[in-house]
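Contents: one structure, followed by commentary.
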Amino acid sequence: MATAATKLLLIDRVPGINRVPNSYIRPEADRPNLTEVEASDASTIPLIDLEGLFGPNRDNIIRQMGKACRRDGFFQIKNHGIPEEVVQAIMNIAGEFFRLPESKRLKNYSDDPSKSTRLSTSFNIKTEKVSNWRNFLRLHCYPLEEYMHEWPTNPPSFSGKEVGEYCTRVRELALKLLEAISESLGLEREYISKNLGKHGQHMAMNYYPPCPQPELTYWLRGHTDQNLITILLQDDVPGLQVLRDGKWIAINPIPNTFIVNIGDQIQVISNDKYKSILHRAVVNCDRERISIPTFYCPSPEALIGPAQGLIDQEHPAVYRSFTYEEYYHKFWNRGLRTECCLDMLKIPSA
(Lines give C-alpha, C1' and ligand atoms only; values in the text may rest on other atoms or scores of the structure.)
Protein backbone atom coordinates (compact mmCIF):
# COMPACT_ATOMS: atom_id res chain seq x y z
CA MET A 1 0.00 0.00 0.00
CA ALA A 2 1.17 3.50 -0.76
CA THR A 3 2.73 5.37 2.12
CA ALA A 4 0.44 8.36 1.59
CA ALA A 5 -2.61 6.31 2.49
CA THR A 6 -1.27 5.02 5.80
CA LYS A 7 -1.32 8.37 7.61
CA LEU A 8 -4.56 8.72 9.58
CA LEU A 9 -6.35 12.05 9.44
CA LEU A 10 -9.22 13.28 11.52
CA ILE A 11 -11.89 11.40 9.57
CA ASP A 12 -10.29 8.06 10.44
CA ARG A 13 -10.94 8.70 14.14
CA VAL A 14 -14.61 9.66 13.98
CA PRO A 15 -17.01 7.03 15.39
CA GLY A 16 -19.65 5.89 12.92
CA ILE A 17 -17.72 6.91 9.78
CA ASN A 18 -16.47 3.87 7.90
CA ARG A 19 -13.35 4.45 5.86
CA VAL A 20 -11.44 1.80 3.96
CA PRO A 21 -7.63 1.98 4.31
CA ASN A 22 -7.13 3.43 0.83
CA SER A 23 -9.79 6.16 1.14
CA TYR A 24 -7.18 8.86 0.53
CA ILE A 25 -5.84 7.31 -2.69
CA ARG A 26 -7.24 8.92 -5.82
CA PRO A 27 -7.93 6.78 -8.92
CA GLU A 28 -4.86 6.37 -11.09
CA ALA A 29 -6.49 8.08 -14.07
CA ASP A 30 -7.20 11.12 -11.90
CA ARG A 31 -3.69 11.58 -10.53
CA PRO A 32 -1.97 14.81 -11.50
CA ASN A 33 1.36 15.23 -13.19
CA LEU A 34 2.99 17.58 -10.72
CA THR A 35 5.77 18.40 -13.15
CA GLU A 36 3.25 20.25 -15.32
CA VAL A 37 2.69 22.93 -12.67
CA GLU A 38 4.32 26.25 -13.53
CA ALA A 39 5.99 28.31 -10.82
CA SER A 40 4.59 31.75 -10.21
CA ASP A 41 6.40 34.98 -10.96
CA ALA A 42 5.64 38.66 -10.50
CA SER A 43 3.28 38.70 -13.47
CA THR A 44 1.26 35.56 -12.65
CA ILE A 45 -1.61 37.30 -10.87
CA PRO A 46 -1.71 41.06 -10.35
CA LEU A 47 -0.57 42.64 -7.09
CA ILE A 48 -2.78 45.68 -6.48
CA ASP A 49 -1.80 48.40 -4.00
CA LEU A 50 -4.98 49.59 -2.26
CA GLU A 51 -3.34 52.67 -0.79
CA GLY A 52 -5.28 55.61 -2.16
CA LEU A 53 -8.43 53.59 -2.91
CA PHE A 54 -10.47 56.40 -1.37
CA GLY A 55 -8.25 59.15 -2.71
CA PRO A 56 -7.04 60.53 -6.03
CA ASN A 57 -5.74 57.11 -7.13
CA ARG A 58 -9.16 55.41 -6.93
CA ASP A 59 -9.88 55.39 -10.69
CA ASN A 60 -6.51 53.77 -11.43
CA ILE A 61 -6.97 51.11 -8.76
CA ILE A 62 -10.46 50.31 -10.05
CA ARG A 63 -9.10 49.91 -13.59
CA GLN A 64 -6.46 47.50 -12.31
CA MET A 65 -9.08 45.53 -10.41
CA GLY A 66 -11.37 45.32 -13.43
CA LYS A 67 -8.55 44.07 -15.64
CA ALA A 68 -7.62 41.43 -13.05
CA CYS A 69 -11.23 40.23 -12.74
CA ARG A 70 -11.60 39.94 -16.53
CA ARG A 71 -8.31 38.22 -17.20
CA ASP A 72 -7.44 36.28 -14.06
CA GLY A 73 -10.35 36.12 -11.61
CA PHE A 74 -7.61 36.39 -8.96
CA PHE A 75 -5.47 39.23 -7.63
CA GLN A 76 -3.32 39.97 -4.61
CA ILE A 77 -3.68 43.09 -2.48
CA LYS A 78 -1.29 45.03 -0.27
CA ASN A 79 -1.83 48.07 1.95
CA HIS A 80 -5.24 46.56 2.68
CA GLY A 81 -5.69 48.25 6.04
CA ILE A 82 -5.72 45.16 8.30
CA PRO A 83 -2.96 45.51 10.91
CA GLU A 84 -0.20 42.90 10.84
CA GLU A 85 -0.79 42.04 14.51
CA VAL A 86 -4.43 41.15 13.76
CA VAL A 87 -3.34 38.88 10.91
CA GLN A 88 -0.64 37.20 12.99
CA ALA A 89 -3.06 36.62 15.86
CA ILE A 90 -5.54 34.69 13.72
CA MET A 91 -2.77 32.54 12.24
CA ASN A 92 -1.47 31.76 15.72
CA ILE A 93 -4.94 30.76 16.93
CA ALA A 94 -5.44 28.46 13.93
CA GLY A 95 -2.10 26.80 14.65
CA GLU A 96 -2.99 26.38 18.32
CA PHE A 97 -6.31 24.75 17.43
CA PHE A 98 -4.80 22.14 15.11
CA ARG A 99 -2.09 21.35 17.66
CA LEU A 100 -4.71 20.45 20.26
CA PRO A 101 -5.04 16.79 21.26
CA GLU A 102 -7.28 15.02 18.80
CA SER A 103 -9.89 14.24 21.47
CA LYS A 104 -10.44 17.96 22.06
CA ARG A 105 -10.61 18.87 18.40
CA LEU A 106 -13.12 16.11 17.64
CA LYS A 107 -15.68 17.79 19.90
CA ASN A 108 -16.24 20.17 17.00
CA TYR A 109 -16.63 17.47 14.33
CA SER A 110 -19.69 17.28 12.07
CA ASP A 111 -20.34 15.76 8.64
CA ASP A 112 -23.38 18.03 8.13
CA PRO A 113 -22.42 20.69 5.51
CA SER A 114 -25.24 22.95 6.69
CA LYS A 115 -23.90 23.27 10.23
CA SER A 116 -22.56 26.78 10.83
CA THR A 117 -19.59 25.71 12.96
CA ARG A 118 -17.95 22.40 12.21
CA LEU A 119 -14.68 20.52 11.97
CA SER A 120 -14.36 18.14 9.06
CA THR A 121 -12.00 16.94 6.34
CA SER A 122 -13.62 16.58 2.92
CA PHE A 123 -15.88 19.07 1.18
CA ASN A 124 -18.97 16.87 1.55
CA ILE A 125 -18.31 13.42 3.01
CA LYS A 126 -21.71 12.17 1.85
CA THR A 127 -20.97 12.79 -1.84
CA GLU A 128 -17.24 12.03 -2.07
CA LYS A 129 -15.62 8.62 -2.34
CA VAL A 130 -12.08 9.88 -1.77
CA SER A 131 -11.20 12.00 1.27
CA ASN A 132 -9.17 15.18 1.00
CA TRP A 133 -5.78 15.35 2.69
CA ARG A 134 -6.74 18.21 4.99
CA ASN A 135 -8.72 19.11 8.08
CA PHE A 136 -10.72 22.31 8.31
CA LEU A 137 -12.67 24.27 10.89
CA ARG A 138 -15.51 26.31 9.40
CA LEU A 139 -16.95 29.27 11.31
CA HIS A 140 -19.87 31.49 10.42
CA CYS A 141 -19.00 34.97 11.58
CA TYR A 142 -21.71 37.47 10.68
CA PRO A 143 -23.48 38.69 12.66
CA LEU A 144 -20.82 37.90 15.26
CA GLU A 145 -23.24 37.88 18.17
CA GLU A 146 -25.27 35.09 16.54
CA TYR A 147 -22.35 32.71 16.08
CA MET A 148 -19.57 33.37 18.55
CA HIS A 149 -21.19 31.15 21.19
CA GLU A 150 -20.85 28.20 18.77
CA TRP A 151 -17.13 28.63 18.27
CA PRO A 152 -14.64 26.27 19.95
CA THR A 153 -13.73 27.01 23.56
CA ASN A 154 -10.33 25.41 23.04
CA PRO A 155 -7.77 26.89 22.71
CA PRO A 156 -8.80 29.63 25.19
CA SER A 157 -7.64 32.29 22.72
CA PHE A 158 -10.74 31.48 20.62
CA SER A 159 -12.82 33.13 23.32
CA GLY A 160 -10.82 36.36 23.15
CA LYS A 161 -11.38 39.34 20.91
CA GLU A 162 -8.81 38.41 18.25
CA VAL A 163 -11.02 36.14 16.10
CA GLY A 164 -13.95 38.56 16.20
CA GLU A 165 -11.72 41.51 15.34
CA TYR A 166 -10.23 39.67 12.37
CA CYS A 167 -13.71 38.78 11.07
CA THR A 168 -14.86 42.39 11.41
CA ARG A 169 -11.79 43.77 9.66
CA VAL A 170 -12.08 41.34 6.76
CA ARG A 171 -15.76 42.15 6.35
CA GLU A 172 -14.93 45.86 6.06
CA LEU A 173 -12.31 45.01 3.45
CA ALA A 174 -14.76 42.82 1.51
CA LEU A 175 -17.30 45.66 1.32
CA LYS A 176 -14.64 48.05 -0.02
CA LEU A 177 -13.59 45.51 -2.65
CA LEU A 178 -17.19 44.86 -3.74
CA GLU A 179 -17.77 48.58 -4.15
CA ALA A 180 -14.68 48.83 -6.34
CA ILE A 181 -15.71 45.77 -8.36
CA SER A 182 -19.16 47.30 -8.91
CA GLU A 183 -17.60 50.51 -10.19
CA SER A 184 -15.20 48.58 -12.42
CA LEU A 185 -18.25 47.07 -14.16
CA GLY A 186 -19.72 50.53 -14.74
CA LEU A 187 -22.39 49.99 -12.06
CA GLU A 188 -23.23 52.13 -9.07
CA ARG A 189 -20.74 51.81 -6.23
CA GLU A 190 -23.28 50.16 -3.92
CA TYR A 191 -25.02 48.03 -6.54
CA ILE A 192 -23.92 44.69 -5.04
CA SER A 193 -24.34 45.65 -1.39
CA LYS A 194 -27.83 47.10 -1.99
CA ASN A 195 -29.23 44.34 -4.17
CA LEU A 196 -28.10 41.15 -2.46
CA GLY A 197 -29.67 41.45 0.97
CA LYS A 198 -28.03 40.82 4.32
CA HIS A 199 -24.67 39.43 3.28
CA GLY A 200 -23.36 36.36 5.03
CA GLN A 201 -19.75 35.67 5.97
CA HIS A 202 -17.89 32.57 7.03
CA MET A 203 -14.30 31.49 7.14
CA ALA A 204 -12.40 28.23 7.14
CA MET A 205 -9.20 27.43 8.97
CA ASN A 206 -7.54 24.84 6.71
CA TYR A 207 -4.79 22.55 7.94
CA TYR A 208 -2.79 20.45 5.45
CA PRO A 209 -0.44 17.92 7.10
CA PRO A 210 2.76 16.92 5.30
CA CYS A 211 2.10 14.13 2.80
CA PRO A 212 4.86 11.70 1.72
CA GLN A 213 3.30 11.03 -1.70
CA PRO A 214 1.05 13.96 -2.64
CA GLU A 215 0.56 12.72 -6.19
CA LEU A 216 -1.57 9.86 -4.84
CA THR A 217 -4.04 11.92 -2.83
CA TYR A 218 -6.61 14.66 -3.15
CA TRP A 219 -5.56 17.84 -1.39
CA LEU A 220 -8.33 20.34 -2.04
CA ARG A 221 -9.34 19.46 -5.57
CA GLY A 222 -10.03 21.96 -8.34
CA HIS A 223 -13.18 24.04 -7.84
CA THR A 224 -14.68 27.49 -8.16
CA ASP A 225 -16.11 29.36 -5.16
CA GLN A 226 -19.90 29.62 -4.97
CA ASN A 227 -19.96 32.97 -3.15
CA LEU A 228 -19.33 36.62 -4.16
CA ILE A 229 -15.65 37.00 -3.29
CA THR A 230 -13.10 35.12 -1.21
CA ILE A 231 -10.28 36.77 0.73
CA LEU A 232 -7.46 34.32 1.44
CA LEU A 233 -4.83 34.55 4.14
CA GLN A 234 -2.06 31.96 4.01
CA ASP A 235 1.17 31.17 5.78
CA ASP A 236 4.57 31.04 4.06
CA VAL A 237 4.16 27.50 2.67
CA PRO A 238 3.11 27.45 -1.01
CA GLY A 239 0.00 25.49 -1.89
CA LEU A 240 -2.49 27.53 -3.92
CA GLN A 241 -2.68 26.83 -7.65
CA VAL A 242 -4.84 28.59 -10.26
CA LEU A 243 -5.85 27.19 -13.64
CA ARG A 244 -4.86 29.45 -16.53
CA ASP A 245 -4.91 28.48 -20.20
CA GLY A 246 -5.16 24.82 -19.28
CA LYS A 247 -2.14 24.89 -16.95
CA TRP A 248 -1.97 24.97 -13.16
CA ILE A 249 -0.05 28.02 -11.94
CA ALA A 250 1.49 27.94 -8.46
CA ILE A 251 0.93 31.16 -6.51
CA ASN A 252 3.65 31.67 -3.94
CA PRO A 253 2.79 33.59 -0.75
CA ILE A 254 3.84 37.23 -0.40
CA PRO A 255 4.13 38.55 3.18
CA ASN A 256 1.48 41.05 4.35
CA THR A 257 -0.84 40.45 1.41
CA PHE A 258 -4.19 38.78 0.83
CA ILE A 259 -5.29 36.88 -2.26
CA VAL A 260 -8.72 37.79 -3.59
CA ASN A 261 -10.75 35.74 -6.04
CA ILE A 262 -14.16 36.45 -7.46
CA GLY A 263 -16.81 33.79 -6.98
CA ASP A 264 -19.60 32.40 -9.13
CA GLN A 265 -22.09 35.09 -8.11
CA ILE A 266 -19.88 37.90 -9.42
CA GLN A 267 -19.53 36.02 -12.70
CA VAL A 268 -23.34 35.97 -12.98
CA ILE A 269 -23.80 39.63 -11.99
CA SER A 270 -21.14 40.65 -14.53
CA ASN A 271 -22.91 38.62 -17.24
CA ASP A 272 -19.69 36.67 -17.85
CA LYS A 273 -17.44 39.73 -18.12
CA TYR A 274 -15.63 38.52 -15.00
CA LYS A 275 -14.68 34.89 -14.46
CA SER A 276 -14.80 32.63 -11.44
CA ILE A 277 -11.65 30.56 -11.95
CA LEU A 278 -10.84 26.96 -11.07
CA HIS A 279 -8.27 26.70 -8.28
CA ARG A 280 -6.97 24.06 -5.92
CA ALA A 281 -4.67 23.59 -2.94
CA VAL A 282 -1.81 21.10 -2.84
CA VAL A 283 0.05 19.65 0.11
CA ASN A 284 3.73 19.79 0.93
CA CYS A 285 5.91 16.72 1.36
CA ASP A 286 7.80 18.09 4.36
CA ARG A 287 5.88 20.99 5.94
CA GLU A 288 2.39 21.55 7.22
CA ARG A 289 0.37 24.40 5.72
CA ILE A 290 -2.35 26.64 7.13
CA SER A 291 -4.65 28.87 5.10
CA ILE A 292 -7.66 30.93 6.16
CA PRO A 293 -10.13 31.90 3.43
CA THR A 294 -13.05 34.19 4.26
CA PHE A 295 -16.12 33.76 2.07
CA TYR A 296 -18.47 36.70 1.53
CA CYS A 297 -21.95 35.64 0.39
CA PRO A 298 -25.36 37.03 -0.59
CA SER A 299 -28.31 36.39 1.70
CA PRO A 300 -30.10 33.07 0.99
CA GLU A 301 -33.20 34.83 -0.39
CA ALA A 302 -31.22 37.25 -2.60
CA LEU A 303 -32.20 37.05 -6.26
CA ILE A 304 -29.08 36.69 -8.41
CA GLY A 305 -28.93 37.51 -12.09
CA PRO A 306 -26.98 39.58 -14.62
CA ALA A 307 -27.09 43.31 -13.80
CA GLN A 308 -29.58 45.06 -16.06
CA GLY A 309 -27.00 47.71 -16.91
CA LEU A 310 -24.83 45.01 -18.50
CA ILE A 311 -27.54 43.53 -20.76
CA ASP A 312 -28.35 44.83 -24.22
CA GLN A 313 -29.05 43.50 -27.71
CA GLU A 314 -25.41 42.67 -28.31
CA HIS A 315 -24.93 41.26 -24.80
CA PRO A 316 -28.03 39.23 -23.86
CA ALA A 317 -28.35 37.69 -20.42
CA VAL A 318 -26.20 34.57 -20.11
CA TYR A 319 -27.89 33.25 -16.94
CA ARG A 320 -31.43 32.95 -15.65
CA SER A 321 -32.25 34.49 -12.29
CA PHE A 322 -32.06 32.30 -9.19
CA THR A 323 -31.88 32.66 -5.43
CA TYR A 324 -28.59 32.18 -3.70
CA GLU A 325 -30.21 29.45 -1.59
CA GLU A 326 -31.03 27.51 -4.77
CA TYR A 327 -27.47 27.82 -6.00
CA TYR A 328 -25.99 26.95 -2.62
CA HIS A 329 -27.86 23.65 -2.50
CA LYS A 330 -26.89 22.73 -6.06
CA PHE A 331 -23.25 23.50 -5.28
CA TRP A 332 -23.05 21.46 -2.08
CA ASN A 333 -25.00 18.48 -3.43
CA ARG A 334 -22.63 18.17 -6.38
CA GLY A 335 -19.47 18.38 -4.32
CA LEU A 336 -16.19 19.65 -5.74
CA ARG A 337 -15.99 19.00 -9.47
CA THR A 338 -13.95 20.46 -12.24
CA GLU A 339 -16.98 21.78 -14.10
CA CYS A 340 -18.58 24.93 -12.75
CA CYS A 341 -22.07 24.62 -11.28
CA LEU A 342 -23.04 27.78 -13.18
CA ASP A 343 -23.38 25.78 -16.38
CA MET A 344 -26.65 24.41 -14.99
CA LEU A 345 -28.12 27.92 -14.84
CA LYS A 346 -27.21 29.24 -18.28
CA ILE A 347 -29.98 30.32 -20.62
CA PRO A 348 -29.86 27.87 -23.58
CA SER A 349 -30.15 30.61 -26.20
CA ALA A 350 -27.12 32.37 -24.68
Side-chain angles (χ1 to χ4, degrees), residues 46 48 50 53-54 57-75 77 142 170-202 223-231 260-279 294-332 334 339-350:
I48 300 175
L50 295 187
L53 180 59
F54 292 95
N57 201 32
R58 183 175 181 83
D59 288 347
N60 181 45
I61 294 172
I62 287 174
R63 280 194 296 270
Q64 292 180 53
M65 206 171 293
K67 181 179 179 181
C69 291
R70 285 192 305 273
R71 190 187 71 171
D72 303 286
F74 272 77
F75 55 93
I77 54 174
Y142 184 81
V170 173
R171 185 176 183 82
E172 293 170 352
L173 175 60
L175 285 168
K176 293 175 184 177
L177 292 171
L178 286 175
E179 288 178 352
I181 290 171
S182 290
E183 287 189 61
S184 73
L185 285 166
L187 304 171
E188 294 181 2
R189 179 182 294 191
E190 297 182 346
Y191 177 87
I192 295 175
S193 58
K194 281 185 175 180
N195 286 278
L196 299 184
K198 180 182 175 183
H199 299 174
Q201 177 185 345
H202 64 275
H223 65 285
T224 62
D225 288 352
Q226 87 276 12
N227 48 297
L228 285 164
I229 60 171
T230 302
I231 300 176
V260 180
N261 66 281
I262 67 168
D264 295 347
Q265 309 313 308
I266 293 291
Q267 179 167 328
V268 172
I269 292 169
S270 74
N271 203 32
D272 264 1
K273 291 182 183 294
Y274 294 170
K275 299 296 184 182
S276 179
I277 301 297
L278 281 168
H279 55 284
T294 296
F295 306 95
Y296 197 76
C297 314
S299 64
E301 66 277 7
L303 189 64
I304 313 295
Q308 287 299 312
L310 302 177
I311 299 173
D312 56 32
Q313 192 169 4
E314 294 183 0
H315 305 91
V318 177
Y319 303 96
R320 68 171 176 85
S321 296
F322 53 90
T323 64
Y324 184 61
E325 183 175 31
E326 177 189 355
Y327 190 79
Y328 183 87
H329 287 304
K330 288 180 183 293
F331 187 91
W332 279 93
R334 284 164 61 89
E339 64 268 26
C340 180
C341 194
L342 283 177
D343 293 340
M344 302 170 64
L345 300 169
K346 285 187 173 180
I347 297 173
S349 59

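Contacts of Asp59 classified as side-chain hydrogen bond (donor to acceptor under 3.5 Å, both in side chains), with partners at least two apart in sequence or in another chain: none. Evaluation of the side chain to side chain contact (heavy atoms under 4.5 Å, CB included) rule for Ser270 yields Leu185, Lys273, Tyr274 as partners, not counting sequence neighbours. Scanning for side-chain hydrogen bond (donor to acceptor under 3.5 Å, both in side chains) contacts around Thr230 gives Asp225, Asn227, with sequence neighbours left out. When the salt bridge (Lys or Arg N to Asp or Glu O under 4.0 Å) test is applied to Arg189, the partners found at least two apart in sequence or on another chain are Glu183. The salt bridge (Lys or Arg N to Asp or Glu O under 4.0 Å) check on Lys275 picks up Asp272, with sequence neighbours excluded. Evaluation of the salt bridge (Lys or Arg N to Asp or Glu O under 4.0 Å) rule for Glu326 yields Arg320 as partners, not counting sequence neighbours. In this structure Tyr324 satisfies the ring pair (Phe, Tyr, Trp, His ring centres under 6.0 Å) test with no other residue, sequence neighbours excluded. For His202, the ring pair (Phe, Tyr, Trp, His ring centres under 6.0 Å) test picks out His140, Phe295, with sequence neighbours left out. By the ring pair (Phe, Tyr, Trp, His ring centres under 6.0 Å) test, Phe54 pairs with no residue at all, sequence neighbours left out. Evaluation of the salt bridge (Lys or Arg N to Asp or Glu O under 4.0 Å) rule for Glu301 yields no partner, not counting sequence neighbours.
To the nearest 0.5 Å, atoms CD1 (Ile277) and CZ (Phe74) are separated by 8.0 Å. Put simply, CD on Gln265 and CZ on Phe322 are 4.5 Å apart, with the number rounded to the nearest 0.5 Å. If you take NZ on Lys67 and OG on Ser184, they are separated by 13.5 Å, rounding to the nearest 0.5 Å. Note: Ile181 CD1 to Leu228 CG = 8.5 Å, rounded to the nearest 0.5 Å. With values rounded to the nearest 0.5 angstrom, Leu175 atom CG is found 10.5 Å from Ile192 atom CD1. Atoms OH and OG, from Tyr296 and Ser193 in turn, are 7.5 Å apart once rounded to the nearest 0.5 Å.
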Between Met65 and Leu50, is the side-chain contact (heavy atoms from CB on, under 4.5 Å) condition met? List the steps. CA-CA 10 Å; Met65 206 171 293; Leu50 295 187; 4.0 Å; yes

Phe75 vs Gln64, test: side-chain contact (heavy atoms from CB on, under 4.5 Å). Steps then yes/no. CA-CA 10 Å; Phe75 55 93; Gln64 292 180 53; over 6 Å; no

Could you go through the side-chain contact (heavy atoms from CB on, under 4.5 Å) check for Leu173 and Val260 one step at a time? CA-CA 11 Å; Leu173 175 60; Val260 180; over 6 Å; no

Between side-chain atoms of residues 304-318 and protein atoms elsewhere (two or more places apart, or another chain), which donor-acceptor pairs fall under 3.5 Å?
| residue | atom | partner | partner atom | Å |
| --- | --- | --- | --- | --- |
| Asp312 | OD1 | Glu314 | N | 3.0 |
| Asp312 | OD1 | His315 | N | 2.6 |
| Asp312 | OD1 | His315 | ND1 | 2.9 |
| Asp312 | OD2 | His315 | ND1 | 3.4 |

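A ring-ring contact (aromatic ring centres under 6.0 Å, His included) check over residues 170-195, counting only residues at least two apart or in different chains, returns nothing.
Between Ser276 and Ile262, the closest heavy-atom pair is OG-O, 3.5 Å. Closest approach of Ile229 and Ala174 over heavy atoms only: CD1-O, 3.9 Å.
Judged by distance alone, with hydrogens and angles left aside, the side-chain atoms of His199 form no donor-acceptor pair with the main-chain N or O of Ser299 at under 3.5 Å. Distance alone, capped at 3.5 Å, places no donor-acceptor pair between the Gln201 side chain and the Tyr142 backbone.
Asn261 is not listed as a side-chain neighbour of Thr224, based on a closest heavy-atom distance of 4.5 Å or more. Put simply, the side chain of Arg171 does not reach to within 4.5 Å of the side chain of Ile231, judged on heavy atoms.
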